[in-house]
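Worksheet for the structure shown next.
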Amino acid sequence: MSEFISGNAGIIRKSDVFCLEIERPSVVDKYEDYRVKAIYYVGEDENLLCRSVTLEIKETFEEIYKSFERIKKEFEEVE
């Protein structure tokens with residue numbers, strides 16, 4: 001397995017990711033897809049910023065949950 005992941009914001013190291021989350025469709029836009037997002041920090045000290053990368057987009061919660069579990073397992077194998 002690679003030590004890097006790619007998404008909508010480029011390539012980041014898996015070791016920089018501190019959280020994976022499932023983003024659900026908003027109430028306003030009921031046609032928005034479910035997404036798996038990796039959240040990480042960039043910068044140092046007072047310039048530290050929280051960013052996120054969308055890893056996968058699926059249409060149903062069941063599909064995104066399976067993707068989430070697969071990605072989570074991949075992250076655990078790297079640690």
Side-chain angles (χ1 to χ4, degrees):
M1 293 284 169
S2 172
E3 66 178 285
F4 297 96
I5 58 169
S6 62
N8 66 335
I11 298 174
I12 60 172
R13 285 189 307 268
K14 288 180 182 175
S15 59
D16 291 340
V17 173
F18 70 89
C19 181
L20 288 176
E21 70 176 30
I22 298 174
E23 185 177 76
R24 293 175 173 86
S26 67
V27 175
V28 177
D29 186 3
K30 61 184 176 185
Y31 301 107
E32 184 181 358
D33 296 322
Y34 288 90
R35 304 161 194 265
V36 172
K37 292 175 71 176
I39 301 169
Y40 64 102
Y41 288 111
V42 293
E44 293 182 15
D45 301 325
E46 66 274 353
N47 297 321
L48 194 63
L49 298 170
C50 186
R51 299 274 170 97
S52 67
V53 172
T54 301
L55 300 180
E56 297 205 2
I57 300 172
K58 303 287 184 186
E59 292 184 13
T60 68
F61 182 75
E62 184 177 348
E63 289 174 324
I64 206 63
Y65 182 73
K66 288 178 183 177
S67 293
F68 178 82
E69 289 299 318
R70 179 184 49 76
I71 293 167
K72 188 171 81 171
K73 184 177 180 181
E74 186 178 322
F75 271 80
E76 291 168 353
E77 290 173 359
V78 169
E79 293 176 358

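Computed from a prediction, not measured in an experiment: that's the story for all the values here.
By the rule that hydrophobic residues join a cluster once side-chain heavy atoms approach within less than 4.5 Å of another member, V42 and V53 end up as members of one cluster. In the hydrophobic clustering of this structure, I22 groups with L20; members are Ile, Leu, Val, Met, Phe, Trp, Tyr whose side-chain heavy atoms approach within less than 4.5 Å, directly or through other members. L49 is not connected to F18 by any chain of hydrophobic side-chain contacts under 4.5 Å among Ile, Leu, Val, Met, Phe, Trp and Tyr, and they are in different clusters.
Nearest heavy-atom pair, K58 versus D33, reported as atom, atom and distance to 0.1 Å: O-CB, 3.3 Å. The two residues E21 and F68 come nearest to each other via the heavy atoms N-CE1, 4.0 Å. The two residues L55 and A38 make their nearest non-hydrogen contact at CD1-CB, 3.9 Å. Nearest heavy atom pair, residue C50 against residue I39, reads SG-CG2, 3.4 Å.
Expressed to the nearest 0.5 Å, how far OH of Y40 lies from CD1 of I12 amounts to 5.0 Å. Rounding to the nearest 0.5 Å places CD1 of I71 at 9.5 Å from NZ of K14.
Just one residue in the list T54, I64, I57 forms a side-chain contact (heavy atoms from CB on, under 4.5 Å) with V36, and that residue is I64.
Residues meeting the side-chain hydrogen bond (donor to acceptor under 3.5 Å, both in side chains) test with R70, sequence neighbours left out: E56. Not counting sequence neighbours, the partners of E69 by the side-chain hydrogen bond (donor to acceptor under 3.5 Å, both in side chains) test are Y65.
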*Walk me through it: do Y41 and D16 pass the test side chain to side chain contact (heavy atoms under 4.5 Å, CB included)?*
CA-CA 7 Å; Y41 288 111; D16 291 340; over 6 Å; no
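Between Y34 and F61, the angle of the ring planes goes over 60°, which puts this pair in the perpendicular group of the 30/60° scheme.
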